[in-house]
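Worth saying up front: this structure is predicted, and the values here are computed from it rather than measured. Here is how names work: the chains are called A, B, and so on, in the same order as the sequence lines, proteins then strands, and each is numbered from 1.
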Amino acid sequence: MEALWASGIGVLVAAGVFLILRSRSFDVVLGLTLLSYGVNLFLFSMGRLGGAAPIVGGRATVFTDPLPQALVLTAIVIGFAITALLLAVALADSVTEGTDHVDGEPGEQRLLLSGQTPPAPNTPEASP
Amino acid sequence: MSTLLALPVVLPLLAAALLVLLRGARPGVRHAVALLATAGFVAIALSLFVSAAAGHTAVLLMGNWRAPFGIVLVLDRLSAWMLLLTAVVGAAALVAAILGRQARTLHFHALFQVQLAGIAGAFLTGDLFNLFVFFEVLLAASYGLLLYGGDRQMRRASLHYIVFNLVGSMLFLMAAGLVYGVVGTLNFAELGVLAQGVADADRALLRTALLLLLVVFCIKAAALPLGLWLPATYGAAEAPVAALFALLTKVGIYAVLRVFAGALGALQPETSLLDLSLVLPWAGALTLLFGAFGALASHHLRGVAASLVLASAGTLLLAAGLHGGVATAVYYAAHSTLAGAALFLLADAVRRDRGAMVDQLSPAPAGARAGLLGTVFFVLAVALAGLPPLSGFIGKTMLITELIGARYGLALVAVILLASLSTLMALSRAGSTLFWHTLPAPAAQPRAQRHPRAALISLGVLLAGLLALALFAGPAQRYAAATAQQLMDGSVSRAVLAAQPRPQPGRAP
């Protein structure tokens, strides 16, 4: 159980870090999502693995620690909201720039929405 | 008294909700609501400051649970000081945004209030997880505020900023989870007690968690390898927003002080779980040098301001890592926040005054208010470079006095003096280019934007704060020393753990 759990977290975090280091904002968002799954599992396991009863009901004598579960819920909600915001920013950015490279460089892949003319290649911004 | 403690968080949040509902109303109505809420925030911060200055530690048990189990808000001298600073800078930034017409965009006011609530909550919370929550609240608002203005440079900067801070939040969660897993509590007060008794087998794990936590706080405080996002982000933000952001790095410094110097006693090497007396000062020193050289390399006054915010964060980290340096950090935090915020506002005024040349550091015809702005700039430069007689000098003197005799003290003093020289050169270059080395005005002078004279009010408020810090340096220093004493002697923790829930009529305890 522990080995499975730990390696699950490890794989999620490794994949997340790999994706975050890539240069397209879509990959980065995916990587952040995977990373947050890994972190949530990790947080959850801080209440110890082992399958005692939940604290509701009051009939069991041994309970699992409810605090990590509360923490995970909060973390999920916050992570979800911020990721949604990040997606909106990334989407606005890639639509107006025509590329979803994180540094705005005209990469290999150009994002073309239907009915959109190919954007002009990026010229370095003249300093105002 | 202690119920008042929830207001710095609740009042801005209620105001933000109201402002969202008022989105169809005229801008004047929204301005009025935001101003009223912020005035209330200032009043509450002031009254909390007065009560904390008398030495009271106020504890509010949210939900009426005893301290280590429920959510707790704590007000001691450090929180009250930072809260007052937040109120002053927040009010000045809001007035600047309204008079400078940056506050007309939809939801600016709502986001601004949420930002205030997040900062206030981070300063008041008594446990690690709520520190995370309030960090997220203030970050979420700062993402929104940053996006106003909306040119592509800013969107790019915000994308990097959001991704970077989101990764930081994941690290924070991991660290908080590990701390809970090892020690069994997230409450600062209980953490300080229990962390000393952790079994030897678990100490390495706890140290890992605490170092992770330090990395997270250094991301917020923009310490060197983790602070490279700051100049681009702050340089791209609208001036009032950037002025408010000058506070955000101080939240990171506050967290370092609260958790490491306060709860864990990490600055007393003999009893400590984790000795930070080498890491923090040098991380701070390198950040300071980077910021000071960055100011020298900037082409815009805004860039200079952003680099100097970075340098001040470095100075603060340096002070926070010294055993006797907490008082210095407290005093210098106020000075550097006020001065940094004022420089951002001044850069905006200069930008509008010089028309097409904006705040670029190259000669141009003098603007209409070059004389007034130049005078303000001169005062600010004296404060920022640490020259007598203003507060920067007092702060630096306190720091250098503290460093003599410390480990690697002389090397750190050399770094500080070198950085001061670099700051002074950057500011003299900026000042002489912007205000002295002017070209003759062309016959028909195009005025790009008239900057309302009233917008200089908030600059005046910040300058008055700086002058007050210099004039009343004695009382401020005594307050800072008492703050350090209170933070490190564990009296706050005892007060938190001793706080009793109120008896509730009609319910068995």
Quick check on the 6.0 Å ring-centre criterion: do B:Phe132 and B:Phe129 meet it? yes
Is any side-chain heavy atom of A:Val29 closer than 4.5 Å to a side-chain heavy atom of A:Thr83? yes
Can you tell me if B:Arg352 uses its side chain to pair, donor with acceptor, with the backbone of B:Gly100 under 3.5 Å? yes
Taking side chain as everything from C-beta outward and backbone as N, CA, C, O, which of these in A:Leu85 sits under 4.5 Å from a heavy atom of chain B? Side chain, backbone, both or neither. side chain
Pairing residues for A:Asp27 by the side-chain hydrogen bond (donor to acceptor under 3.5 Å, both in side chains) criterion, not counting sequence neighbours: A:Arg22
Heavy-atom contact with chain A under 4.5 Å, split by part of B:His299: neither
Angle between ring planes, B:Phe245 versus B:Tyr234, binned at 30° and 60°: parallel, tilted or perpendicular? tilted
Counting only heavy atoms closer than 4.5 Å, note whether A:Leu71 contacts chain B via side chain, backbone, both or neither. both
Contacts satisfying side chain to side chain donor-acceptor pair (under 3.5 Å) that involve residues 125-135 of chain B (not counting sequence neighbours) are B:Asp127-B:Asn130
Look at the rings of B:Phe164 and B:Trp229 and say which category their plane angle falls in: under 30° parallel, 30 to 60° tilted, over 60° perpendicular. tilted
Run the side-chain contact (heavy atoms from CB on, under 4.5 Å) check on B:Leu248 and B:Lys220 step by step: do they pass? CA-CA 7 Å; B:Leu248 294 193; B:Lys220 310 290 177 220; over 6 Å; no
Any donor-acceptor pair under 3.5 Å linking the side chain of B:Thr185 with the backbone of B:Asn187? yes
Give a yes or no answer on whether the side chain of A:Arg48 reaches the backbone of B:Gly181 with a donor-acceptor pair at less than 3.5 Å. yes
Look at the side chain of B:Asn165 and the backbone N and O of B:Tyr161, then say whether any donor-acceptor pair between them is shorter than 3.5 Å. yes
Look at the side chain of B:Glu190 and the backbone N and O of B:Pro68, then say whether any donor-acceptor pair between them is shorter than 3.5 Å. no
Highest number of heavy-atom pairs under 4.5 Å with chain B among A:Val89, A:Leu67, A:Leu35, A:Thr74 belongs to A:Leu67
Which residues, numbered in order, of residues 5-20 of chain A come under 4.5 angstrom of chain B by heavy-atom distance? A:Val13, A:Ile20
Proximity breakdown for B:Leu171 and chain A, heavy-atom pairs closer than 4.5 Å: neither
Sub-4.5 Å heavy-atom contacts with chain B: which residues of residues 37-45 of chain A show up? A:Val39, A:Phe42, A:Leu43
